[in-house]
Engineer: 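One structure coming up, written as structure tokens, with questions to follow.
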Amino acid sequence: MGGGQRVGGLPAGTYIACVPPDPERRILLVRFSSLGDLVLVTPLIRAIRARHPRAHLALVTRQSFAPLFVQNPHLNEVMAWDPDSSLAALAARIRAGRHTDRLDLHGSLRTRLLRLMVPGRWGRYPKHRLARTLLIRTKRNRYRDTRHVADRYFDAARRLDVEPDGKPPEVFLHRDAVTAADRFLAEHRLGQDRTLFALVPGAAHATKRWPERHWVALVRELVSADRDLVILGGSAEEAIGARLAEVGGAGVASAAGRFDLQGTAALLRRARAAVSGDTGLMHLATAVGTPVLALRGPTVAAFGFGPYSARARVIERDLPCRPCSSIGGERCPLGHHDCLETIFPLEVADALRALPR
């Protein structure tokens, strides 16, 4: 779900700040991807701005994700990096910034190389790779750090004297994206006279996807209860979105593949609640204040990537084979996919109705 050519699309680039900078403190945050991880960085961004109101605060991320931050009033600068371009060129841009504080919030091979190219003190956060691997392979939880990953990011900013404020992530919407989302809903007569729910059937990995027949049954159940539905996702979800819209009839429309991240966020904000797998749009919903019902399959809460919001509920099954992966896979290792197969549509429909507003 990247690119600025879709409905509500915004160009990526470098954006100028709302606050006068303090030349004595220049703070750089690096997180290239992915959608959910970037959304979970926003509580740290907010806390740094609150503690250092006049610091120059810059974020480096992939070009496809830069529009997420175009309206963020806490940032002075967004460096939108094209992964097909040279990492050395990015390092040169960073060196020219003469940052007093640099935070690696990714911890990947690429950011390790970047740290070598831009020497100096870098803050990092614990990824707990060993505990994660042991939990996947032995099913024994050796995590001593039970914090959500959004709180672990604060470890990278120890020198900045910041603490989590307990509030959810945040994404600021451009008015063009809001206008485009409202136009889409009006054209399809969704959410005008009936309650609107958002459904997110996709995920990057197959084992994180709730079975399509369950989505079909959920659509029929909600439509029969006089609810409107908008199907969300990227181009990979266009086909399933079209099938679900056909099943639901006039009260259902698919926006999958038609909107960029800003536009999708605007549609999520208009929904009473969202049903999603363990994927980036789940976090995007929490960032625009929409209650979320998350369906978690091969992963577990110990990894620290659940919804970072009190207005969310997770449905999952306590199975001895979980977790089988940290990010999901192309097929269930045991061939049954019971972690999501046994979450049934009526249970989801009842839980959706009970979500707090």
Side-chain angles (χ1 to χ4, degrees), residues 1 29 31-51 59 61 65 68-69 71-75 103 105-107 124-128 131-132 143 145-157 160 162-173 198 200 203-204 208 232 261-262 264-266 268-269 271-316 323 326-328 351-352 354-357:
M1 287 197 61
L29 295 81
R31 179 79 213 194
F32 291 127
S33 63
S34 293
L35 173 57
D37 304 273
L38 281 161
V39 170
L40 293 173
V41 168
T42 61
L44 175 59
I45 293 172
R46 180 175 63 233
I48 293 174
R49 175 56 69 207
R51 181 66 182 83
L59 172 72
T61 191
F65 294 113
L68 274 179
F69 301 94
Q71 295 296 109
N72 193 312
H74 307 311
L75 292 169
L103 313 184
L105 302 176
H106 204 132
R124 291 176 287 170
Y125 80 102
K127 297 195 76 168
H128 301 310
R132 182 177 60 202
Y143 275 85
D145 184 357
T146 60
R147 295 174 299 167
H148 194 283
V149 72
D151 294 333
R152 293 182 208 164
Y153 285 145
F154 280 74
D155 286 8
L160 297 175
V162 290
E163 296 290 340
D165 59 14
K167 297 177 182 178
E170 56 188 359
V171 168
F172 299 88
L173 302 181
V200 182
K208 280 191 173 184
L232 301 178
L261 292 173
Q262 278 267 336
T264 299
L268 280 167
R269 193 173 73 171
R272 153 70 179 87
V275 182
S276 174
D278 181 10
T279 187
L281 292 191
M282 172 190 74
H283 296 292
L284 193 61
T286 67
V288 296
T290 298
V292 178
L293 183 63
L295 312 178
R296 184 155 55 201
T299 61
V300 291
F303 294 156
F305 285 98
Y308 192 65
S309 170
R311 302 174 71 203
R313 180 185 168 189
V314 175
I315 297 181
E316 59 188 328
S326 62
I327 59 172
L352 185 60
L355 275 176
R357 291 184 179 271

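For the numbers below, each heavy atom of this structure counts, side chains included, while hydrogens, waters and symmetry mates do not.
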Engineer: Kindly give the heavy-atom pair with the smallest separation between Phe305 and Met282, and that separation in Å.
Structural biologist: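 Closest pair (atom of Phe305, atom of Met282, distance): O-CE, 3.7 Å.
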Engineer: Flag the pair Asn72 / Arg49 as yes when at least one side-chain heavy-atom distance between them is below 4.5 Å, and no otherwise.
Structural biologist: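 Not in contact.
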Engineer: Under the rule for side-chain hydrogen bond (donor to acceptor under 3.5 Å, both in side chains), what residues qualify as partners of His148, not counting sequence neighbours?
Structural biologist: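 His148: no side-chain hydrogen bond (donor to acceptor under 3.5 Å, both in side chains) contacts found.
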Engineer: Kindly say whether Gly289 contributes a backbone atom to a donor-acceptor pair with the side chain of Arg269 at under 3.5 angstrom?
Structural biologist: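 Not a single qualifying donor-acceptor pair exists.
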Engineer: Measuring only between side-chain heavy atoms, which start at C-beta, is Ile48 closer than 4.5 Å to His74?
Structural biologist: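 No, too far: nothing below the 4.5 Å cut-off.
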Engineer: Quick one: does any side-chain atom of Ser276 pair with a main-chain N or O of Leu281 as donor and acceptor, under 3.5 Å?
Structural biologist: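 No, the answer is negative, given that no donor and acceptor are paired below the 3.5 Å cut-off.
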Engineer: Roughly how far, to the nearest 0.5 Å, is the CG atom of Leu103 from the OH atom of Tyr125?
Structural biologist: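 Answer for the OH-CG pair, Tyr125 versus Leu103, is 12.5 Å.
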Engineer: Counting distance only, does the side-chain N/O of Arg311 pair as donor-acceptor with the main-chain N or O of Arg357 below 3.5 Å?
Structural biologist: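 Yes; judged by distance alone, with no hydrogens or angles, the pair exists.
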Engineer: Report the distance from atom OH of Tyr308 to atom NE2 of His283, rounding to the nearest 0.5 Å.
Structural biologist: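 Interatomic distance, Tyr308 OH to His283 NE2, rounded to 0.5 Å: 12.0 Å.
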Engineer: For the side chain to side chain contact (heavy atoms under 4.5 Å, CB included) test, which of Leu40, Leu38, Ile45, Leu284 pairs with Pro169?
Structural biologist: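 The side chain to side chain contact (heavy atoms under 4.5 Å, CB included) with Pro169 is passed solely by Leu40 among Leu40, Leu38, Ile45, Leu284.
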Engineer: Take atom NZ in Lys127; do more than 12 heavy atoms of anything else shown fall under 6.0 Å from it?
Structural biologist: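 Yes - once you tally the heavy atoms of other residues, nucleotides and ligands closer than 6.0 Å, there are more than 12.
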Engineer: For atom CZ of Arg272, decide whether the heavy atoms of other residues, nucleotides or ligands shown that lie under 6.0 angstrom number more than 12.
Structural biologist: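 Atom CZ in Arg272 is crowded, with more than 12 foreign heavy atoms closer than 6.0 Å.
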Engineer: Search all heavy atoms of Phe65 against all heavy atoms of Leu261 and return the closest pair with its distance.
Structural biologist: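 Distance-wise, the nearest heavy atoms are CD2-CD1, 3.7 Å.
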Engineer: Give the minimum heavy-atom separation between Pro307 and Ala294, together with the two atoms involved.
Structural biologist: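 Smallest heavy-atom distance, with atoms named: CG-CB, 4.1 Å.
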Engineer: Evaluate the ring planes of Phe32 and His106, with Trp represented by its six-membered ring, and classify them as parallel (under 30°), tilted (30 to 60°) or perpendicular (over 60°).
Structural biologist: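 The rings of Phe32 and His106 sit tilted, inter-plane angle from 30° to 60°.
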Engineer: Please, which pairs that meet salt bridge (charged side-chain N to carboxylate O under 4.0 Å, His left out) have at least one residue in residues 31-46, sequence neighbours excluded?
Structural biologist: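 Sorted pair list: Arg31-Asp37, Arg46-Asp165, Arg46-Glu170.
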Engineer: Identify the two heavy atoms, one from Thr299 and one from Ser326, that lie closest to each other, and give their separation to 0.1 Å.
Structural biologist: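 Taking every non-hydrogen atom into account, CG2-O, 3.4 Å.
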Engineer: Under the side-chain hydrogen bond (donor to acceptor under 3.5 Å, both in side chains) rule, collect the residues that match up with Arg313, sequence neighbours excluded.
Structural biologist: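 Once residues adjacent in sequence are excluded, Arg313 has no partner under the side-chain hydrogen bond (donor to acceptor under 3.5 Å, both in side chains) criterion.
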Engineer: Who passes side-chain hydrogen bond (donor to acceptor under 3.5 Å, both in side chains) against Thr279, sequence neighbours left out?
Structural biologist: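 Checked Thr279 against side-chain hydrogen bond (donor to acceptor under 3.5 Å, both in side chains); zero matches.
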Engineer: Hey, could you give me each pair passing salt bridge (charged side-chain N to carboxylate O under 4.0 Å, His left out) that has a residue in residues 279-290? Not counting sequence neighbours.
Structural biologist: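 Applying salt bridge (charged side-chain N to carboxylate O under 4.0 Å, His left out) to every pair that reaches into residues 279-290, excluding sequence neighbours, yields nothing.
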Engineer: For residues 277-299, which residue pairs qualify under salt bridge (charged side-chain N to carboxylate O under 4.0 Å, His left out), counting only residues two or more places apart or in two chains?
Structural biologist: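 Checked against salt bridge (charged side-chain N to carboxylate O under 4.0 Å, His left out) - neighbours excluded - the pairs reaching residues 277-299 are Lys208-Asp278, Arg296-Glu316.
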Engineer: What heavy-atom pair brings Ala266 and Leu173 nearest, and what distance separates the two atoms?
Structural biologist: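 Distance-wise, the nearest heavy atoms are CA-CD1, 3.7 Å.
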Engineer: Of all heavy-atom pairs between Ala156 and Leu105, which one has the smallest distance, and what is that distance?
Structural biologist: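 Smallest interatomic distance, heavy atoms only, reads CB-CD2, 3.7 Å.
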Engineer: Any chance you could measure Thr42, atom OG1, to Leu68, atom CG, to the nearest 0.5 Å?
Structural biologist: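 That separation rounds to 9.5 Å.
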Engineer: Let me confirm one number: the CG-CG distance from Asp155 to Asp145, rounded to the nearest 0.5 Å.
Structural biologist: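 Output value for this atom pair is 7.0 Å.
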